[in-house]
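In what follows, a structure is listed as structure tokens, so that the remarks can point back to it.
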Amino acid sequence: MKQPRPARPRRIVPLALLLPTAALISAGPAASSEGTGHGGSHESAKPTVVLVHGAWADASGWDDVIKSLQARGYPVVATANPLRSLSGDSAYLAARLKAVEGPIVLVGHSYGGAVITNAATGNPNVKSLVYIAAFAPDEGEGTLQLAARYPGSRLTDDPAAPVPTALDAVPLGGGPTDVDLYIKPDKFSDVFLSDRLDRSRANVLAAAQRPVAPVTGAEPSRTPAWKSIPSWYLVATDDRTIGTENLRYMAKRAGSTTVEVDAPHAVMETNPGDITDLILRAAQDTRPGLASTGDSTSAKVLAGAALLALTGGTALVLGGRRFRA
């Protein structure tokens with residue numbers, strides 16, 4: 001009686017050939033995440049970008065950034081910042097964030113950085129923090145304290161003065177602290193803009209500045225969100241409001257992914273494109289260590305596994321042919 005021929009090991013060959021395909025599919029999204037920001041099936045996954053202005057400015061300062069983000073399909077909220085107290089402003093923003101559905105990229109300029117540092121703590125929807133020439137205080141620190149850490153700020157030339165010498169204290173009531181603080185018109189172009197804009201535009205911004213209450217600079221910050229949320233940081237290298245070295249210090253301490261731009265403190269006026277680029281990087285990859293390249297360690301590992309699997313699959317195919325021969 002004729003014995004049946006042993007079954008050929010065919011099953012293992014398709015499985016081996018499927019391994020590299022599966023690995024490459026798994027690696028695909030991480031390696032190509034930079035390309036999902038302009039539409040397609042990932043459109044609905046885009047986070048909402050919430051922009052928070054600082055002292056002596058208002059939400060209109062974000063206009064060019066808003067246009068660029070909206071053109072790329074990102075929902076944007078440029079919220080008001082009351083500028084009355086750090087605790088009150090942070091509570092106001094925290095309440096506003098609760099009304100935003102889905103993931104959030106939270107962006108703060110100047111004093112707005114201190115506000116987002118406090119408001120984002122404990123909010124699981126905030127996936128990234130972006131500091132634009134901004135304060136990133138640690139617990140117990142005040143913003144004026146940080147501006148005085150290293151030279152560079154031109155808010156005052158007399159540290160002992162009760163009011164920084166570049167500021168006007170405009171009375172609001174009978175008490176000594178019932179004042180609003182404005183940058184003096186003749187100091188505004190130098191301190192806020194580093195004389196980077198023409199005189200006409202600088203005068204308009206000086207006339208439209210929103211004042212800040214004195215307590216905002218002295219009130220101690222609370223638990224900082226940058227200790228638990230990935231952060232990005234734009235350092236303006238000609239910042240005369242906070243001071244460039246102070247910006248670098250805070251960016252390094254927070255472990256932020258950092259870019260440096262030749263710009264004044266009011267970087268929205270001179271370099272809105274650089275701001276947009278940094279926000280997009282934060283929106284597309286919430287891991288600071290990967291933001292510079294858009295690469296993924298897991299993708300590299302899977303790609304390596306795919307190569308090994310492909311090599312193994314080829315060997316099995318050739319081995320199967322020799323077996324059949």
Side-chain angles (χ1 to χ4, degrees), residues 50-57 79-98 100 103-153 155-156 159 164 177 181 212-236 239 241-259 265 278-279 282 286-289 291:
V50 178
L51 304 167
V52 183
H53 67 83
W56 309 304
T79 185
N81 185 355
L83 307 178
R84 297 296 88 191
S85 70
L86 181 56
S87 56
D89 298 340
S90 300
Y92 178 93
L93 176 59
R96 183 70 181 86
L97 294 177
K98 289 179 181 177
V100 178
I104 296 169
V105 175
L106 187 55
V107 185
H109 171 248
S110 191
Y111 165 73
V115 177
I116 71 171
T117 295
N118 286 263
T121 301
N123 187 329
N125 284 348
V126 179
K127 305 303 182 183
S128 305
L129 301 170
V130 183
Y131 293 91
I132 306 298
F135 287 107
D138 202 347
E139 188 169 4
E141 293 178 335
T143 56
L144 285 179
Q145 170 190 351
L146 284 166
R149 184 178 183 90
Y150 297 108
S153 172
L155 285 175
T156 189
T177 60
L181 299 177
V212 63
V215 68
T216 58
E219 189 176 2
S221 187
R222 297 182 180 177
T223 305
W226 50 257
K227 287 191 175 180
S228 57
I229 301 173
S231 61
W232 280 254
Y233 203 112
L234 185 149
V235 171
D239 189 306
T241 304
I242 297 176
T244 298
E245 290 306 317
N246 293 315
L247 300 180
R248 287 174 175 146
Y249 166 75
M250 289 183 282
K252 182 177 181 180
R253 182 178 64 179
S256 304
T257 298
T258 303
V259 298
H265 181 69
L278 189 60
I279 293 172
T286 57
R287 292 159 293 182

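Being a predicted model, the structure only gives us computed values, none of them experimental.
Using a 4.5 Å cut-off on side-chain heavy atoms (C-beta onward), Val105 and Lys127 make no contact. Contact annotation: the side chain of Leu51 never approaches that of Thr79 to less than 4.5 Å [non-hydrogen atoms, C-beta and beyond]. No side-chain heavy atom of Leu97 sits under 4.5 Å from any side-chain heavy atom of Asn125. Using a 4.5 Å heavy-atom threshold, the side chains of Val130 and Leu278 count as touching. Taking the side chain as every heavy atom from C-beta outward, Asp138 and Arg253 approach each other to under 4.5 Å. Leu93 has its side chain within reach of Ile116: a pair of non-hydrogen atoms, C-beta onward, lies under 4.5 Å apart. Two residues are said to be in side-chain contact when any heavy atoms from C-beta on lie closer than 4.5 Å; Thr216 and Thr143 fail this criterion. A heavy-atom distance below 4.5 Å is not found between the side chains of Arg222 and Leu86.
Residues Ala134 and Gly108 approach most closely at CB-O, 3.4 Å, considering heavy atoms. When all heavy atoms of Leu106 and Ala120 are compared, the closest pair comes out as CD2-CB, 3.7 Å. Taking both residues in full, the closest heavy atoms of Tyr92 and Ala80 are given as CE2-O, 3.4 Å, listed atom of the first, atom of the second, then distance. Here the closest heavy-atom approach between residue Gly88 and residue Ser85 is recorded as N-OG, 3.0 Å. Pro137 and Pro224 get closest at one heavy-atom pair: O-CB, 3.6 Å.
Using modelled atom types, one side-chain atom of Thr244 and one backbone atom of Ala236 make a donor-acceptor pair closer than 3.5 Å. Under a 3.5 Å cut-off, the side chain of Trp56 and the backbone N or O of Leu181 do form a donor-acceptor pair. Side chain of Thr257 to backbone of Trp232: no donor-acceptor contact under 3.5 angstrom is found. A donor-acceptor contact shorter than 3.5 Å is absent between the side chain of Asp89 and the backbone of Asn81. Although no hydrogens or angles enter the test, the distance criterion places no donor-acceptor pair under 3.5 Å between the side chain of Glu141 and the main chain of Leu146. Under a 3.5 Å cut-off, the side chain of Thr241 and the backbone N or O of His265 do not form any donor-acceptor pair.
For Arg96, there are no salt bridge (charged side-chain N to carboxylate O under 4.0 Å, His left out) partners, not counting sequence neighbours.
The CH2 atom of Trp226 sits 10.5 Å away from the CE atom of Met250 when rounded to the nearest 0.5 Å. Between Lys227 atom NZ and Thr117 atom OG1 the span is 11.5 Å, to the nearest 0.5 Å. Taking CZ of Arg149 as the start and CD1 of Ile242 as the end, the distance is 14.5 Å to the nearest 0.5 Å. The distance from the CG atom of Leu247 to the OG atom of Ser256 is 11.0 Å, given to the nearest 0.5 Å. Atom CG of Asp239 is separated from atom CD of Glu245 by 11.0 Å, given to the nearest 0.5 angstrom.
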CA sep, side-chain torsions, deciding dist, call: Ser228, Thr121, side chain to side chain contact (heavy atoms under 4.5 Å, CB included): CA-CA 8 Å; Ser228 57; Thr121 301; 5.7 Å; no
Give the C-alpha distance, both sets of side-chain angles, the deciding distance and a yes or no for side chain to side chain contact (heavy atoms under 4.5 Å, CB included) between Ser90 and Val115. CA-CA 5 Å; Ser90 300; Val115 177; 4.1 Å; yes
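Just one residue in the list Val100, Ile229, Val50 forms a side-chain contact (heavy atoms from CB on, under 4.5 Å) with Val126, and that residue is Ile229.
Among residues at least two apart or in separate chains, ring pair (Phe, Tyr, Trp, His ring centres under 6.0 Å) pairs with a member in residues 111-142 are Tyr131-Tyr233.
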